[in-house]
> 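Please find one structure pasted underneath; my questions will follow.
Proteins come first, then strands; the chains are lettered A, B, ... in the order of their sequence lines, and each starts at number 1.
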Amino acid sequence: MSMKSNDIQEQSFQPKEILLEGIEVVKDEKESKKRVRGIHRPKTNSKALLKSLSLPFALFLILFVLFPILFIVFYAFTDANGFFTFNAFISFFTNTVKLNVLLISVLIGVLNTVLCLLITFPLAYLLANPKINKNYMLVMLFIMPMWINFVLRTGALRDLLTIILSAFGTTTGEHPLFCTMVGMVINYIPFTILPLYSTMLKLDKSQIEAARDLGCNPVKTFTKSIIPQAMPGIVSASMMVFMPTISSYVISDTLSEGKIMLFGNSIYLSFSQSDWNGGSFMSLIMLIIIFIVMFATRKFENAGSERGVSAW
Amino acid sequence: MVKKILSYCYIYLILLFIYLPVFYLIIYSFTAADTLGMWSGFDLKLYADLFTNKETMIALGNTLILAVVASLVSTVIGTLGAIGLFYMKKGLRSFFENVNQIPVVNAEIVIAMSLTVMFVFVGQKIFGGANLFSFWTLLIGHCALAIPFVYLNVKPKLTQMDPALYEAALDLGSTPTKAIHQVIIPQIVPGIFSGLLLSFTLSLDDFIVTAFTRGSGLLSGHSQIETLSTLVQTKIKKGSLPPEMRALTTIIFLVVLTIVVIYSLKVNHDAKKAKSSLAGAHAKKRSSFSKEAR
């Protein structure tokens, strides 16, 4: 065995020696370093070429991601003539209508997130169970609606709801909240399925079994083992639903017949009225909400993973 | 057994729930009645109507042209950006990665509003009151949506790659452009492809950014560019979905379904193959062990 490994070493050394001969072995260390640097010089140049490839990308991000946000901040605190003012700030926080819109948006966002999670959590659990589903196609079918134009789907749902509700003698306009929620849930189920499904695939089955063996009843197994393990998936699924719901426009506008204003509708309204200052201020508020939620969930996610570690 | 039946019931019930509106349209696409829910016998008239309806065809053409151009541009910029950042110093790289993350978490309407405000400002103050809104602003909007996702799809493939490969190619006498083309790109092709696909679907489905940043151009000529999303939205704002849209829904559904079936068959096949090859590897290991034992 040892003989063999020696052979291999000898063989592997041979090409190196040839290489060294090719560039002349230099004994002085400093000189050799210089030489090596000399050999490397074209490489650093070519790395500059590699780096320059990202120039369009970097420019695009600065021009069309960073700058626009600066413009939003600028417009949020100036008036139509470009002078500094707190007008948008004051009119937003003293306007009960706009504040109500924000409150209702957050409430509908929470409601939608909870409903979607309640429906898709068991669904993802079942789909990830190899005893029930081995076919990837079933998972894809749940995601597939995302590739059918969502305005088209929303219009279809509105027409369907109109027919169903007319059988009960009412219209969609009379039940704006119900219709909006049906539309929201149908639209966001595909978004929640994927993150939940992928964490369910990674569930540690032996931990769940151990919990059962150690005397946990099903409820306790669920709350102490399955939920903590699935926490990253739950958090990212909630993020996929909550934020887009608050800022959604088409679903609430179409299905509530314009009776439910969400924050997105409010921003859209200021766009269609060319109210750039008010719209920018609301966008800024939205941006701040997004960063707060991001920050909060990042902490939450860490807590979840820590809990997972402590469970070990 | 009962448990299994119940779980199947649950799965298919939810599936039915999310497809109900689409199925409803598909069924009634095969009849000529204008109002949804009325069946006046089997008829393919709506399909003929769809292809002769100029408005819808223009919107469809615009949507496809925009999606193709936007996804190609985004894929090129995003991929090159990922390669360049990969070889950059850490500080600069993490700065651009953080900026790249903004549109990913940002609400679409905020992206749309911020771009619009900027275009309005630049048009008024720099170009002297010019209206900048055109196909180009629309393209920028769609790229702003898609480029970050292309980057996020390509980057993991780069980190899986051996960073010394590029230098090795240079050592072996390849020119830098050739090294990028023949060594780096082939390593990250799957990431590029999924980035392209994602940006294509993002562009196809978009409503908000399109509504905010569009101007005149493309097939719409001198009037505002209509894509499928904006056209359908203006229609359903006025009343129910136009009948020919039922035929369009059926066609879109069939196209997407075909792609999904082919893709999942491939995934299932690969999973089986991986399993069997794993089993094969185990068998080889076992046989080699037994040889050594001898």
> Looking at A:Phe150, is its backbone amide N or carbonyl O close enough to the side chain of B:Asp205 to form a donor-acceptor pair, meaning the two atoms are under 3.5 Å apart?
yes
> Return the CE to CZ distance between B:Met118 and A:Phe67, rounded to the nearest 0.5 Å.
8.0 Å
> Heavy-atom cut-off 4.5 Å, strictly under: side chain, backbone, both or neither for A:Leu123 against chain B?
both
> Within the 3.5 Å criterion, strictly below it, is a donor on B:Ser229 or A:Asn149 matched to an acceptor on the partner's side chain?
yes
> Who passes side-chain hydrogen bond (donor to acceptor under 3.5 Å, both in side chains) against A:Arg153, sequence neighbours left out?
A:Asn187
> Measuring from atom CG of A:Leu50 to atom CZ of B:Phe86, what distance do you get when rounded to the nearest 0.5 angstrom?
10.0 Å
> Could you pull out the closest heavy-atom pair between B:Ile77 and A:Phe57, with the gap in Å?
CG2-CA, 3.6 Å
> Name the member of B:Leu204, B:Thr116, B:Asn100, B:Leu231 that forms the most heavy-atom pairs with chain A at distances under 4.5 Å.
B:Asn100
> Relative to the ring of B:Phe121, is the ring of A:Phe74 parallel (under 30°), tilted (30 to 60°) or perpendicular (over 60°)?
perpendicular
> Drop me the distance from A:Leu152's CG to B:Thr249's OG1, to the nearest 0.5 angstrom.
3.5 Å
> Quick one: what part of B:Val267 sits under 4.5 Å from any heavy atom of chain A, side chain, backbone, both or neither?
side chain
> By a 4.5 Å heavy-atom criterion (distance strictly below it), what part of A:Pro145 contacts chain B: side chain, backbone, both, or neither?
both
> Could you grab the distance from atom CZ of A:Phe60 to atom SG of B:Cys143, nearest 0.5 Å is fine?
5.0 Å
> If you count heavy-atom pairs under 4.5 Å between each of A:Ile72, A:Ile148, A:Ile132 and chain B, which one has the most?
A:Ile132
> Side chain, backbone, both or neither: which part of B:Tyr12 has a heavy atom under 4.5 Å from chain A?
side chain
> Do side-chain atoms of B:Tyr24 reach the backbone of A:Leu157 as a donor and acceptor pair under 3.5 angstrom?
no
> I'd like to know if the side chain of A:Arg158 reaches the main chain of B:Gly239, judged simply by a donor and an acceptor atom lying under 3.5 Å from each other, with no hydrogens or angles considered.
yes
> Below 4.5 Å from any heavy atom of chain B, which atoms of A:Leu63 appear? Answer side chain, backbone, both or neither.
backbone
> Examine whether an atom of B:Ile184 lies under 4.5 Å from a heavy atom of chain A, and if so say whether it belongs to the side chain, the backbone or both; otherwise answer neither.
side chain
> May I ask you to decide if B:Leu241's main-chain N or O and A:Asp159's side chain share a donor-acceptor pair within less than 3.5 Å?
yes
> Quick check for you: to the nearest 0.5 Å, what is the distance between A:Ile186 atom CD1 and B:Tyr19 atom OH?
11.5 Å
